[in-house]
Protein chains: 2
Amino acid sequence: MYKIGEIATQAHMGTETVRYYEQIGVLHAPERAPNGYRLYDDEHLKRLRFIKRSRELGFSLNKVRSLLSLADDKNMTCRSVREIAEEHLNEVRRNIADLQAMEQLLQATVKPCPGDNSKTCPIIDVLFSGK
Amino acid sequence: MYKIGEIATQAHMGTETVRYYEQIGVLHAPERAPNGYRLYDDEHLKRLRFIKRSRELGFSLNKVRSLLSLADDKNMTCRSVREIAEEHLNEVRRNIADLQAMEQLLQATVKPCPGDNSKTCPIIDVLFSGK
DNA sequence: TCTTGACCTTAAAGTAACTACAAGGTGCAG
DNA sequence: CTGCACCTTGTAGTTACTTTAAGGTCAAGA
């Protein structure tokens with residue numbers, strides 16, 4: 001049995017985050033000790049780590065919620081899990097592409113700027129000159 | 001003179017966004033017509049376009065605020081503008097790198113999944129098996 | 001003239017995923 | 001018994017808007 005600070009450390013997150021996950025319903029409310037402290041077990045820890053890892057892979061908490069209810073569901077199919085994961089993968093790839101386009105534009109905008117003591121700046125000019 | 005809907009269209013944003021920019025102080029409050037309607041001029045339009053373009057390049061509104069106050073400042077130097085832009089460029093590059101790492105991991109996680117009717121899924125397993 | 005519809009006004013709440021704070025109770029070591 | 005670290009709750013702050021509610025304004029058509 002873990003107190004919140006202990007399980008939070010084990011799962012590499014803050015205690016507020018653990019409470020938050022309980023609040024929004026991705027982590028089941030644990031037992032309480034007579035003094036009111038939350039008491040977690042290893043199932044909770046597994047679940048927190050699942051959430052952590054999913055978040056590190058960029059899944060939104062809503063997607064994590066879906067993944068978890070699939071994982072809980074005896075009738076889950078591999079296909080439905082893959083659907084969520086693939087949708088997310090595509091989203092990540094779109095984000096990368098968008099950022100790369102942004103980076104190109106940004107670089108082109110910054111390049112002509114001398115970065116000296118001039119009172120005018122090509123960067124500002126470009127930003128103001130937008131269609 | 002533009003009404004809010006007109007200037008919003010010209011600047012390719014919604015009216016609420018224009019009001020929001022006024023509220024947070026990146027756009028100067030315009031004159032008001034006798035009926036209370038906001039009345040904008042071409043300076044406002046220039047500024048809105050500046051904001052729009054900056055946002056498209058990924059600058060946060062706080063950075064946009066800084067850029068605008070530099071642009072307004074007679075003593076601005078090109079160097080100070082470039083500093084903000086370069087900091088942002090680095091941030092964008094870090095974000096791209098992070099997303100690319102995520103994409104690799106995600107791809108590796110999804111690959112072994114058959115996506116069929118199986119009752120177990122390697123994706124779920126990986127997510128649960130995290131350290 | 002009346003009404004319909006598009007437009008404008010304000011203030012407040014919702015979104016995502018936490019983070020931070022305030023005000024207080026608990027438990028253990030020195 | 002006095003710190004100190006830890007726990008509790010509830011609320012507000014963060015970013016950049018978007019949505020909603022409840023209501024004025026104005027021009028055009030019947």
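Numbered from 1 within each chain, the chains take letters A, B, ... in sequence-line order. Heavy-atom basis, side chains included; hydrogens, waters and symmetry copies ignored.
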Quiz prompt | Rounded distance (Å) that lies between atom P of C:dG14 and atom CG of A:Asn62 | solution = 16 Å
Self-check item: Minimum-distance nucleotide (side-chain atoms of B:Glu16 versus D:dT18, C:dA17, C:dG27)
Solution: D:dT18
Quiz item: What integer distance in Å separates A:Lys63:NZ from C:dT15:C1'?
Solution: 16 Å
Practice problem: Side chain of B:Arg38 only, please: which of C:dA17, C:dT9, D:dT15 is the nearest? | Solution: C:dT9
Practice problem: Please check if A:Leu70 and B:Phe128 belong to a single hydrophobic cluster, counting links between Ile, Leu, Val, Met, Phe, Trp and Tyr side chain heavy atoms closer than 4.5 Å. | Solution: yes
Practice problem: Could you check if a side-chain atom of B:Ile84 sits within less than 4.5 angstrom of a side-chain atom of B:His88, using non-hydrogen atoms only? | Solution: no
Quiz prompt | Protein-nucleotide distance (A:Arg32, atom CZ; C:dT26, atom C1'), rounded to Å | solution = 14 Å
Quiz prompt | Spacing of A:Tyr20 atom OH relative to D:dC7 atom C1', expressed in whole Å | solution = 21 Å
Practice problem: Might you confirm whether atom NZ of A:Lys119 has over 12 heavy atoms from other residues, nucleotides or ligands at distances under 6.0 Å? | Solution: yes
Quiz item: Could you give the CD-to-P distance, from B:Glu6 to D:dC26, as a whole number of Å?
Solution: 14 Å
Quiz item: Below 4.0 angstrom from OP1 or OP2 of D:dA16, is there any side-chain N or O of B:Arg65?
Solution: no
Exercise. Between D:dC17, C:dT10, C:dC8, spot the one nearest the side chain of B:Lys3, thanks.
Key: C:dC8
Practice problem: Whole angstrom is fine here: how far is it from CD in B:Glu22 over to C1' in C:dT9? | Solution: 12 Å
Practice problem: Report, as yes or no, whether the 6.0 Å neighbourhood of atom CD on A:Glu31 holds more than 12 heavy atoms from other residues, nucleotides or ligands. | Solution: no
Quiz item: Reckon A:Tyr21 touches a base, only the sugar-phosphate, or nothing at all at heavy-atom distances under 4.0 Å?
Solution: sugar-phosphate
Quiz item: What nucleic acid atoms does A:Ile4 come within less than 4.0 Å of, heavy atoms only: base, sugar-phosphate, or nothing?
Solution: sugar-phosphate
Exercise. May I ask you to verify whether the side chain of A:Tyr37 and the base of C:dG27 hold a donor-acceptor pair under 3.5 Å?
Key: no
Quiz item: D:dA16, D:dC26, C:dT9: which one has an atom nearest the side-chain heavy atoms of B:Arg19?
Solution: C:dT9
Quiz item: Judged by atom type as modelled, is there a donor-acceptor pair below 3.5 Å linking the side chain of A:Arg55 to the main-chain atoms of A:Phe59?
Solution: yes
Exercise. Can you tell me the distance, in whole Å, between the CD1 atom of A:Ile24 and the P atom of C:dA16?
Key: 10 Å
Exercise. Measure from the side-chain heavy atoms of A:Arg55 and tell me the nearest of D:dC17, C:dC18, C:dT9.
Key: C:dC18
Practice problem: Output yes when at least one side-chain N/O atom of A:Thr17 is less than 4.0 Å from OP1 or OP2 of C:dA17, else no. | Solution: no
Exercise. Please state how far atom CD1 in A:Ile51 lies from atom C1' in C:dA17, giving the value in whole angstrom units.
Key: 12 Å
Practice problem: Establish, with yes or no, whether the OP1 or OP2 oxygen of C:dG27 is under 4.0 angstrom from a side-chain nitrogen or oxygen of A:Asn35. | Solution: yes
